[in-house]
2 protein chains.
Amino acid sequence: MTKPPVTSDHRTGGTLSRRERVREATLAEIKETARRHLVEFGVAGVSLRAIAREMGMTAPGLYRYVPGIDALLVSITADMYEELADVVAEADASMPEEDTDGRILTSLRAFRNWAISHQPEFSVMFGPRTRLDPEADITSALEAGRRFGSTFFTLFDRLVAEERFALPADDDLPVALRRELRSFADTVGFSSPNVPEGAVMVLTTCWVRLYGVVCMEVFQHLNFVVGDMEPLFESELRNMATDLGVRYSPLEGAGGQAAKA
Amino acid sequence: MTKPPVTSDHRTGGTLSRRERVREATLAEIKETARRHLVEFGVAGVSLRAIAREMGMTAPGLYRYVPGIDALLVSITADMYEELADVVAEADASMPEEDTDGRILTSLRAFRNWAISHQPEFSVMFGPRTRLDPEADITSALEAGRRFGSTFFTLFDRLVAEERFALPADDDLPVALRRELRSFADTVGFSSPNVPEGAVMVLTTCWVRLYGVVCMEVFQHLNFVVGDMEPLFESELRNMATDLGVRYSPLEGAGGQAAKA
DNA sequence: CATATTCGTGAACAGCGTTTGCTAACGGTG
DNA sequence: CACCGTTAGCAAACGCTGTTCACGAATATG
C-alpha cells in the first residue's frame, strides 16, 4: 500500500526495502511451516502456536504477519491452487504441442497424481470447508481456484475448437440447464467467446466424473474395498476420452493388458 | 455383555433394567445434542464441553457414556448412514413395486435431496476425515457405510437382473480393472452371485458420477459460479439413466421446459 | 541524534479434550 | 430396614488451542 520508501543506503534496486525483504521471508517461512504441518498432521494439526514454536517465536508474534489462523489457511490454500495449476500446465507442456490427445490424457493424469500424492492439500482445496469459520473471507482462495479452473478448462477448449465430439443440440437442453451452463462458461473463462451450451455440458460432465473419481480415491470412500484405484481411474479416463473424441492410450508404466482398442 | 439381571420389582419386560433404560436415554440425548451441534456449527463446532453444558452436566461426566470425542463423532456418523439408507429405502418403497425406472430415479433424487438438506452430515460422511485422529477406530461407521452402500447398490441390482443395458464384454476390460471390480462386487453385496465385471463397471461409473455431482454441490465447488445445481444434477441423472437403460422422466415439481423427449 | 514505526514478547482470557480422585446416589442382597 | 458394591457425575488439574493487550526493544526515518 505504502509507496516504496525512497530512502535506504542499501540497494533499493528490487523496489524492496530491507525491512520488506525480511518481512516477506518471515511470512514465507510461516506459510511453509503451516504447509508442512498440514501435510504431517492434517488440517486439524495446523496451529499458530505450533508454527510459532517451531520457528522459535511466540504465537502473538505471528499476528504481525497474518490476521489469524483462518486467513493463514486460506492463504496457503490459494498457494496450493497455484501449485496444482502449475503442475497441470507443466504436464500439458511436456507433450508435443500438436498432440492434443496426449496433452489431455497427461494433464488429467497429472491432476490425479498430484491429488493422491497430496491428500491433505487436496482435501482442503476440494473437500468441504470444515475447519474455517463460515464467515471467513475466502475470496483469495476462491480466486486462485478460479484461475486453476480456467487453466484446466483451457485444455478442453482445444477440443471444442477442434470439434472432436458431436455436440448435443442446444435445443435439446432444458432452458434452466442452458442458463446455468452459460453462466458457468462465462465465469470459468473459455477462450472461445460463444461456446455452445452443449459443449459446456459435455465438459462439465467430464469434470464431474474426474472430480468424482479423484475425490473418491483421496477421501477413501471406495478404496477400502477396492485397493488399487488406478485401474478404475484409467477406466473412467477412457470413458471420458471416448465422450470427448479423444484417442485413449493406456498408461505406459504398468503393463496395460488393455482392451483391443 | 452382562446377562439381563433377573431382579427388578419393575417390569423387566423389555429385558432392560431401569438403570440401563436411563443410561440409554442419556446416551441418546448426548448423540442428539451432538448431532444438533453438528448441524448448527459444523463438525468443528461439536465439543464435549458444549454438549455437556447444554445438557446441564460437565464434560468428564460424558466419559461414562462415550470414550471420547472421536468415538462420539464416529458413532453419530454411523447413525447418519443408517438414516440416509432409510431415506433412500423409503423413497424406493414409495414407488410402485414394478416401476423400476421410477424407483431408480426417485431413489437417486432422494439421495441428493438428503445430501443438500444435510450438508454438515454429508460432509462428515462423504468428505475427507479431517477432524478425527487418523488412528481412530472408525470401523462402526465404515460398517454402517457399507450397509448403506449395499442398500443403494441393491437398487442397481435389479437393472442387472432385468438386463436393461448392454454390458461391455468382460474380455474388453483390463485384468487389473476386472480384479478390482470383482473385489468391489463381492464386498458391496450384490444379490446376484456372479455379476459380470462389465455390469459392475457401469454401476461404478454411475456411482462415481452421482458422488461427483452431489459432492460438488454440497461442498460448493461449482455453485458459486452456477447458482442452481439442480438442472445440472438432472442432466447427469438423465445421462446416467441412459447408460443404465432406464427411462428418464423429468422432475415433476419445477416446470421442466424439458427437451422434446 | 531524536523520533516514529515495526517486531516480538509475556500475561491473560476463554475455549478445548482428557485424567484423576472424590462424593453421592442407586440397585440388589442379607 | 440396613448393608455394600456399582455407578453417575463433579471439581480440579494438565496441556493444548486462538486471540487481545500492554509493554519493551530493535529498527528505520527525519
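To find a chain, count down the sequence lines: A is the first, B the second, and so on, and within it residues start at 1.
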Worked verdict on Val43(B) versus Arg131(A) for side chain to side chain contact (heavy atoms under 4.5 Å, CB included): CA-CA 8 Å; Val43(B) 66; Arg131(A) 181 169 178 187; over 6 Å; no
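Taking a 6.0 Å sphere around CD of Glu40(A), one finds it holds more than 12 heavy atoms contributed by other residues, nucleotides or ligands. At most 12 non-hydrogen atoms from other residues, nucleotides or ligands lie less than 6.0 angstrom from CD of Glu24(B).
The nearest whole Å value for the distance from the CG atom in Asp133(B) to the C1' atom in dC16(C) is 16 Å. Computed from coordinates, the Glu24(B) CD to dA8(D) C1' distance equals 16 Å when rounded to whole Å. Taking atom CZ of residue Arg19(B) and atom P of nucleotide dG28(C), one finds them 8 Å apart after rounding to whole Å. When rounded to the nearest whole Å, the span between CE of Met57(A) and P of dT6(C) equals 16 Å. Per the geometry, CG belonging to Leu72(A) stands 14 Å off P belonging to dT17(D), to the nearest Å.
Helix bend of the helix from dC1(C)-dG30(D) to dG30(C)-dC1(D): the angle between its two end axes, each built from five pairs, comes to 10° after rounding to 10°.
Candidate nucleotides dC10(D), dG10(C), dG18(D) were compared by shortest atom distance to the side chain of Arg64(B), and dC10(D) ranks first. You'll find that the side chain of Leu48(A) is closest to dG18(D), out of dG17(C), dG18(D), dT20(D). With dC16(D), dG17(C), dG9(D) as the candidates, the nucleotide lying closest to the side chain of Arg53(A) is dC16(D).
Base contact: Ala59(A) has a heavy atom under 4.0 Å from a base atom.
Listed pair Ser47(B) / dC16(C) meets the phosphate criterion, a side-chain N or O lying under 4.0 Å from OP1 or OP2. In this model, the phosphate group of dA8(D) is approached by a side-chain N or O of Arg23(B) to a distance below 4.0 Å at OP1 or OP2. Taking 4.0 angstrom as the limit, Tyr65(A) places none of its side-chain polar atoms (N or O) nearer than this to OP1 or OP2 of dT6(C).
For Glu83(A) and Arg35(A), the salt-bridge test passes: some basic side-chain N is under 4.0 Å from an acidic carboxylate O.
Nearest-nucleotide positions on DNA chain D place Gly56(B) closer to the 5' end than the other of Arg49(A) and Gly56(B).
Put simply, the side chain of Ser183(A) never gets that close to the backbone of Arg179(A): no donor and acceptor are under 3.5 Å apart.
Ring orientation note: the planes of His221(A) and Phe219(A) are nearly perpendicular, at an angle over 60° on the 30°/60° scale.
Just one of Glu236(B), Glu234(B), Glu230(B) meets the salt bridge (Lys or Arg N to Asp or Glu O under 4.0 Å) condition when paired with Arg112(B); it is Glu230(B).
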